Amino acid sequence: MHTQNSRISGFHKLSMSERLNKVMEVAGLDRSAEAQLSNTGNLEASVVDSMIENAVGTMNIPLGVATNMIVDGEDVLIPMATEESSVVAAVCNAARQCRDSGGFTTSLSGSLMIAQVQLIDVSNPEFARLQILENKERIREICDQTDPVLLKHGGGYRDLEVRVLEGGRNGPMVITHLIVDTRDAMGANAVNSMAEAVAPLIAEWTGGKTYLRILSNLADRRLARARATWSLDAIGGKSVREGILSAFDFADIDPYRAATHNKGVMNGVSSVVLATGNDTRAVEAGAHAYAARSGQYRSLTRWEVDQDGNLTGMIEMPMAVGLIGGATKSHPTARIALEIMNTTTAEKLARVIAAVGLAQNFSALKALATTGIQKGHMALHAKNIAVMAGAKGPEIDTVARELVEGGKVRVDIAEEILLRMRAKGVSS
Ligand code: NAD
């Protein structure tokens with residue numbers, strides 16, 4: 001077996017192609033791997049190298065566009081970056097089925113982010129809490145001086161909260177929350193800088209010691225909301241509706257189910273977050289923490305019946321996304337994704353993403369409550385299996401079709417079909 005030495009001194013100082021050569025040598029890769037990795041596709045190598053450390057190439061993910069969405073009375077095309085089949089189709093289907101009832105209506109609670117400053121080693125934490133609160137105006141000044149550009153764009157410091165948390169190893173901790181309007185930015189760097197600027201003063205005022213100074217990804221002052229109605233006719237009648245409601249009950253009661261239910265929501269949410277160059281992990285962490293806010297992990301969506309018997313759905317979740325900062329501006333595809341959505345504000349982006357999350361959940365619940373999830377997945381899954389078996393070009397569709405028709409989508413069967421096809425000289 002090939003043994004590797006992962007200690008490569010000065011690796012970060014090398015150029016991207018030198019790094020790639022080094023990796024090829026250490027990992028024992030062949031020339032085809034080099035060709036694959038050195039093709040950075042539609043992202044210039046210099047951009048790749050400026051985005052992350054130790055870059056050696058790119059990992060392309062398909063970008064699809066979901067159709068049929070109406071959000072707040074406007075038609076919107078949805079760019080979705082995902083490696084998973086069925087995700088884009090699910091949004092198209094859900095959106096088509098609620099077009100007659102007006103599509104999705106959305107709102108945003110605000111664009112407020114929270115930065116936390118941790119203070120320890122205070123023997124009188126309640127007293128310290130008031131000392132910090134008394135300095136609200138000074139804190140406002142420091143925060144706003146830290147980011148004058150944000151201020152110019154209508155953002156900046158908004159509020160202060162101080163909490164005493166019991167249970168630290170050296171006694172209670174005093175946690176200051178700086179609440180900052182970050183406007184069109186996700187705001188991580190903006191609020192982290194503010195927390196770092198304020199922390200020494202908090203230590204000075206209270207006589208304690210400040211440690212962590214960083215944003216909270218539980219962005220519960222930046223909640224995106226979406227609701228929609230699906231008529232009984234559009235969804236195929238009462239039994240489908242009852243199935244969807246019962247699936248929701250299951251998720252809301254049982255964390256084992258809720259994890260999968262919310263994963264489905266995030267199939268939609270994360271795809272748009274990624275396509276627009278936003279931070280998928282930030283939104284995912286916020287979503288799951290919010291889903292567990294009652295102490296039990298529950299559904300991010302809620303499903304009910306209106307007075308006419310139609311199915312109504314809603315979603316509410318933290319949505320820390322921006323149009324400025326991170327990869328949103330540096331990745332050319334992310335910029336085009338925003339153009340596809342015709343979106344020029346972070347608020348609209350957040351609201352549309354919430355609608356996509358709800359649409360995704362509708363389709364998953366409907367499929368689960370009726371035909372089962374595998375039927376919809378099979379056509380594209382079969383193509384993946386065909387590729388795994390070695391099918392190329394037109395062979396992929398033919399092998400996939402035979403797999404689906406045969407009812408067994410397995411790689412060994414795909415290999416048999418491929419062998420048979422090639423023996424007969426059939427490739428399409
Ligand atoms: P940023 O600092 O690059 O850009 C935001 C700045 O742009 C603002 O502070 C402001 O000065 C300026 N700006 C210009 N026009 C603006 C407008 N219209 N509205 C608002 N600000 C405007 O980016 P950011 O949003 O602070 O940080 C996002 C990045 O931080 C992401 O890449 C994320 O991955 C990363 N990050 C995330 C975490 C986390 O989630 N825990 C932690 C650290 C970093």
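Everything numeric in this text was worked out from a predicted model, so none of it was measured. Order of listing sets the numbers, starting from 1, for every ligand and every atom in it.
The contact shell of ligand 1, taken as protein residues with any non-hydrogen atom closer than 4.0 angstrom, comprises D147, V149, L150, H153, T182, R183, D184, A185, M186, G187, A188, N189, A190, N192, L215, N217, D279, A282, I324, G325, G326.
Checked for salt-bridge contact, R257 and D252 miss the test: no charged N lies under 4.0 Å from a carboxylate O.
Scanning for side chain to side chain donor-acceptor pair (under 3.5 Å) contacts around S299 gives H261, T301, with sequence neighbours left out. Scored by the side chain to side chain donor-acceptor pair (under 3.5 Å) test, H288 finds Y297 as partners (sequence neighbours excluded).
In K383, the NZ atom is not crowded: 12 or fewer heavy atoms of neighbouring residues, nucleotides or ligands sit closer than 6.0 Å.
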Let me see the working for D75 and R99 under salt bridge (charged side-chain N to carboxylate O under 4.0 Å, His left out), right down to the final yes or no. CA-CA 10 Å; D75 275 82; R99 274 184 83 83; 2.9 Å; yes
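The ring pair (Phe, Tyr, Trp, His ring centres under 6.0 Å) contacts involving residues 73-109 comprise F104-W230, where partners must be two or more places apart or lie in separate chains.
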